2 protein chains.
Amino acid sequence: MTAPVSVPAAGSRALAHPAPEEIRLEGVLHALSDPLRLGIVRELAVGSDELACSDFDVPVSKSTTTHHFRVLREAGVIRQVYRGTAKMNGLRRDDLDALFPGLLDSLLEAAARQEERLAGA
Amino acid sequence: MTAPVSVPAAGSRALAHPAPEEIRLEGVLHALSDPLRLGIVRELAVGSDELACSDFDVPVSKSTTTHHFRVLREAGVIRQVYRGTAKMNGLRRDDLDALFPGLLDSLLEAAARQEERLAGA
DNA sequence: GCCGTACTACGAGAGCTATCGTACAAGCCG
DNA sequence: CGGCTTGTACGATAGCTCTCGTAGTACGGC
């Protein structure tokens, strides 16, 4: 047992990510049930893997931003890695698609559709 | 404006449900992010529309069960109607599919897949 | 070596959530 | 009617979550 928690690269500053086996659907849904985090994930889905935390235009303080990114990472939704002083963020699309095929796309489309609808289309 | 909150049938004991326009993706995800509620929805998805609250075998007290069903109803995930002393529950599959095509099925499949995986398949 | 940038840690407060037990209401059945 | 079944309301509690500000760490550039 003792799930392989994707051991951090030895020497450097590394961040704990859940192994794919540890990712729980409930956790993913919970992470995405916050509008702010859902927005972050949507931005990440269209952009590249190379978005720093500060590239997002969230209407909360820096500490709160850190908090939300951590929730997303700990739920297994995003991957984070340091690159100098910046922390680059990327969707764990590969892992999520392997665990829950089609789910991420459905969620992203649902979010897009809702935004369109609420915009008074 | 003033969204039509699907006015309850006049005289009888009726329950407030959100109108389709009021259903929010975040709310749905939040409702489903609880293992208990996700389980209820999964049972509802395979069974008929005719399941009473007491037909579910949840490991919590009656009051807590009431609470969870209310969360699901207020998020727009289920429909509830009184039938004698019982309260019958049904998925709002039609409304959900119209708002978020494919999402419900993706979620149900993801849940099934995870259960299979965790059962040590 | 020093400063600025980017992010984290910690502590705190407000608010929501899950849970319970007890007490109660509504409807069926004998 | 009286009792049983089913679910609700209310109050309470513990725990989580979102939010912030302040203080601190890690890294890159001058």
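Fair warning: this is a prediction, and the values are worked out from it, not measured in the lab. Numbers restart at 1 for each chain; the letters A, B, ... are given by sequence-line order, proteins then strands.
Sequence neighbours left out, the pairs with a member in residues 93-103 of chain B that pass side chain to side chain donor-acceptor pair (under 3.5 Å) are B/Arg79-B/Asp94, B/Arg92-B/Asp95, B/Arg93-B/Asp105.
Remark: side-chain polar atoms of B/His68 are not paired, donor with acceptor, to backbone N or O of B/Leu36 under 3.5 angstrom. Within the 3.5 Å criterion, the main-chain N or O of B/Val60 finds no donor-acceptor partner in the side chain of B/Thr64. Judged by distance alone, with hydrogens and angles left aside, the side-chain atoms of A/His30 form no donor-acceptor pair with the main-chain N or O of B/His30 at under 3.5 Å.
Side chain of B/Ala86, nearest nucleotide from D/dC18, D/dT6, C/dC20: D/dT6. For B/Ser63, whose side chain is taken as the heavy atoms from C-beta onward, the closest listed nucleotide among C/dC7, D/dT6, C/dC20 is C/dC20. Side-chain proximity of A/Tyr82 to D/dC20, C/dC7, D/dT6: nearest is C/dC7. Here the side chain of A/Thr85 is nearest to one of C/dT5, D/dT5, C/dT19, namely C/dT5. Nearest to the side chain of A/His30, among D/dT17, C/dT17, C/dC7, sits D/dT17. Among the nucleotides D/dG7, C/dC10, C/dC7, the one closest to any side-chain atom of B/Ser54 is D/dG7.
In terms of heavy atoms, B/Ala75 sits closest to B/Ile23 at O-CG2, 3.6 Å.
Near DNA chain C, meaning a heavy atom under 4.0 Å away, the residues from residues 67-74 of chain B are B/His67, B/His68.
OP1 or OP2 of D/dC18 has at least one side-chain nitrogen or oxygen of A/Arg37 nearer than 4.0 Å.
In this entry the distance linking CD of A/Gln80 with C1' of C/dC7 reads 10 Å, nearest Å. Summarising the geometry, the separation between NZ on A/Lys62 and P on D/dT25 is reported as 15 Å, rounded to the nearest angstrom.
A salt bridge does not link A/Arg117 to B/Glu21: none of the charged nitrogens lies less than 4.0 Å from a carboxylate oxygen.
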